[in-house]
Amino acid sequence: MSSPRRVAVVGAGLAAVSTCDALRAQGYDGELVLYGDERGLPYDRPPLSKDVLLGKSGRDDILLRPEQWYEGQRVDLRDGTPVRAIRPRESGIELADGSVVGADRVVLATGGTPRTLPVPGGDDPAVRVLRTWEDAERLRGRLLPEARVTVVGAGLIGAETAAVAVALGCRVTLVDPVPVPLAAVVGDRVARALHGRHTAEGIEVITSGVERVERRPAAGEVLVHLAGGSKVVAADTVVAGIGIRPATGLAEAAGLRVDNGVVVDAGQRTSHPNVLAVGDVARLDGHRLRHEHWEAAQRSGEAAAAGILGRPLQQAGAPWFWSDRHGSRLEAVGTMADAERTVVRGAPDSGAYTVFGLRGDRLVAAAAVDRARDIKAARRLVDRGVAVDPARLADEGVDLRTLLKR
């Protein structure tokens with residue numbers, strides 16, 4: 001397969017930069033152009049809901065690559081240059097100013113857009129979201145001591161935002177209709193402990209949906225009406241942390257196959273052979289879910305590079321993610337819903353422990369709080385499909401690395 005002369009990457013997040021990095025690492029020597037909507041160098045998003053909101057990190061601290069990297073790797077970064085349309089049949093893309101530029105391959109790395117609350121008033125600008133550097137900057141200015149902050153959604157972003165807000169002295173209410181968020185992924189035991197930590201740290205946790213949102217400009221507040229009229233929560237700031245929608249507009253307009261994301265094969269190729277999709281916007285054909293995690297974005301960029309160059313694809317391991325909240329780190333590999341039984345290593349009361357999920361004698365998932373070494377070993381056990389003895393998993397005297405040598 002001959003290499004394309006010019007590759008255009010649309011989007012400037014982790015998946016986009018990883019695609020460029022992997023293309024050069026795998027020997028691609030053609031033109032490589034990276035188009036980003038936002039001005040400035042591409043940055044990492046996970047710190048936005050952590051150290052950026054806390055004021056510990058500035059934009060330069062979270063850059064994905066330093067400025068000189070783009071020059072050294074011959075990546076033509078076109079920041080502040082939105083793409084209006086892709087034209088795969090014409091081997092080109094159309095920019096927001098109406099100009100059309102050529103591209104033998106187009107990689108869609110458009111990510112996602114934050115979901116607004118699907119209730120009356122839920123799309124009011126007073127209800128804030130957290131997806132970009134500008135979102136974080138605006139929200140950080142609102143997280144003042146004694147400010148009333150209501151966060152709707154107790155998933156990763158919502159939980160992390162609530163944890164930062166209470167650490168900054170805000171009076172925080174966390175609202176979610178799911179009694180135990182993340183249980184399907186990390187298991188009921190870990191999920192309950194994590195969710196319970198919010199209350200222990202002084203956050204009011206309410207299990208409820210939201211019926212409507214009402215802004216009261218004269219009072220300088222927003223009223224969040226909970227489902228069934230059960231309660232009205234008054235807030236100075238409301239944050240919607242209910243996930244993202246894949247940004248599939250360019251793909252749909254180009255006639256690509258879209259179904260809960262742009263549908264791709266193992267090489268990240270879409271229904272048009274000259275267009276690929278990576279990161280949060282992409283969904284692997286045959287898989288029900290998209291993986292909206294940091295490592296998944298990075299791996300998809302590597303797979304896209306191999307797909308463009310016709311190189312063998314590396315075997316993808318089990319999904320892994322992390323979340324920081326209340327001074328602790330959650331790490332998880334695999335999906336606990338795939339497990340038939342669980343084994344605990346360590347004392348949950350101590351605050352640092354691991355729960356392993358097994359199917360038969362194979363480890364399929366693990367979730368740990370402040371036990372990074374356990375997760376490092378668990379990832380290898382899951383990926384290699386090694387048979388394990390549950391008693392040895394639970395025994396803290398056993399070095400988990402020895403289980404890999406069977």
Side-chain angles (χ1 to χ4, degrees), residues 45-50 52-53 111-132 135-136 138-140 142-143 147-168 170-186 190-192 194-199 201-215 222-228 230-247 260 280 289-293 321-326 330 332:
R45 295 190 190 277
L48 296 178
S49 58
K50 307 174 185 72
V52 171
L53 280 187
T113 57
R115 294 180 182 273
T116 57
L117 298 177
V119 298
D123 58 352
D124 191 292
V127 181
R128 298 169 186 272
V129 295
L130 182 55
R131 182 67 176 175
T132 67
D135 292 337
R138 288 192 291 266
L139 180 57
R140 186 159 65 93
R142 305 282 299 177
L143 301 183
R148 299 169 299 171
V149 178
T150 295
V151 179
V152 181
L156 297 181
I157 295 295
E160 290 172 358
T161 302
V164 167
V166 77
L168 292 173
C170 301
R171 290 182 282 161
V172 183
T173 302
L174 182 60
V175 180
D176 196 298
V178 179
V180 188
L182 297 180
V185 180
V186 302
V190 174
R192 285 186 183 279
L194 290 170
H195 202 49
R197 183 76 181 273
H198 295 309
T199 302
E201 295 293 336
I203 296 173
E204 180 185 12
V205 177
I206 301 176
T207 302
S208 174
V210 173
E211 196 167 79
R212 62 188 174 92
V213 177
E214 175 188 357
R215 179 156 47 145
V222 179
L223 301 181
V224 180
H225 296 257
L226 302 186
S230 57
K231 187 173 183 177
V232 178
V233 180
D236 302 304
T237 297
V238 176
V239 181
I242 58 173
I244 64 170
R245 288 189 177 90
N260 183 30
D280 291 349
L289 301 176
R290 291 174 297 106
H291 291 294
E292 299 173 359
H293 304 310
F321 73 91
W322 79 93
S323 175
D324 295 322
R325 60 183 82 177
H326 304 303
L330 162 72

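Between Leu174 and Gly153, the shortest heavy-atom distance links the atoms CD1-O, 3.5 Å. Heavy atoms only, all atoms of each residue included: Val180 and Ala191 are closest at CG1-CB, 3.4 Å. Here the closest non-hydrogen pair linking Pro177 and Thr207 is O-CG2, 3.6 Å. Looking at every heavy atom in both residues, Ser49 comes nearest to Thr161 through CB-OG1, 4.1 Å. Pairing each heavy atom of Ala159 with each of Ala154, the nearest pair is CB-O, 4.0 Å. Of all the heavy atoms in Gly112 and Asp280, the pair that sits closest is N-CB, 4.4 Å.
With a 4.5 Å cut-off on side-chain heavy atoms, Asp124 and Val222 do not count as touching. Residues Val213 and Val152 are not in side-chain contact: their nearest non-hydrogen atoms beyond the backbone lie 4.5 Å or more apart. At a threshold of 4.5 Å between non-hydrogen side-chain atoms, the residues Arg142 and Cys170 do not count as touching. Side-chain atoms of Arg290 and Pro246, non-hydrogen and from C-beta on, do get closer than 4.5 Å to each other. Inter-residue side-chain proximity for Arg45 and Thr132 is flagged as met; some heavy-atom pair is nearer than 4.5 Å. Considering only heavy atoms from C-beta on, Thr116 stays 4.5 Å or farther from Val127 through its side chain. Arg138 places a side-chain heavy atom less than 4.5 Å from the side chain of Arg128. A 4.5 Å side-chain heavy-atom check between Leu156 and Leu182 finds at least one atom pair inside the cut-off.
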- Passes side chain to side chain contact (heavy atoms under 4.5 Å, CB included), Val151 versus Ile203? Steps please. CA-CA 10 Å; Val151 179; Ile203 296 173; over 6 Å; no
Discussion item. Set out, in order, the CA-CA distance, both residues' side-chain angles and the distance that settles side chain to side chain contact (heavy atoms under 4.5 Å, CB included) for Val224 and Val175, then state yes or no.
Written reply: CA-CA 10 Å; Val224 180; Val175 180; 5.6 Å; no
As a quick check of understanding, evaluate side chain to side chain contact (heavy atoms under 4.5 Å, CB included) for His326 and Val166, giving each step before the final call. CA-CA 9 Å; His326 304 303; Val166 77; 4.0 Å; yes
- request: Give the intermediate values and the outcome of side chain to side chain contact (heavy atoms under 4.5 Å, CB included) for residues Glu204 and Arg171.
  value: CA-CA 8 Å; Glu204 180 185 12; Arg171 290 182 282 161; over 6 Å; no
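Taken from OG1 in Thr150 to CD1 in Ile206, the straight-line distance is 7.5 Å, to the nearest 0.5 Å. Here the CD1-CG distance, from Ile157 to Leu48, works out to 8.0 Å after rounding to the nearest 0.5 Å. Atom OG of Ser208 sits about 12.5 Å away from atom NE2 of His225, to the nearest 0.5 Å. A distance of 6.5 Å separates CZ of Arg245 from OG1 of Thr113, quoted to the nearest 0.5 Å. The structure places CZ of Arg325 at 9.5 Å from NE2 of His195, a figure rounded to the nearest 0.5 Å. In this structure, CZ on Arg140 lies 13.5 Å from CG on Asp135, to the nearest 0.5 angstrom.
Residue Arg192 places its CZ atom among 12 or fewer non-hydrogen atoms of other residues, nucleotides or ligands, all under 6.0 Å distant.
Note: Phe321 and His293 have parallel aromatic rings, judged against thresholds of 30 and 60 degrees for the angle between ring planes.
Remark: side-chain polar atoms of Glu211 are not paired, donor with acceptor, to backbone N or O of Val119 under 3.5 angstrom.
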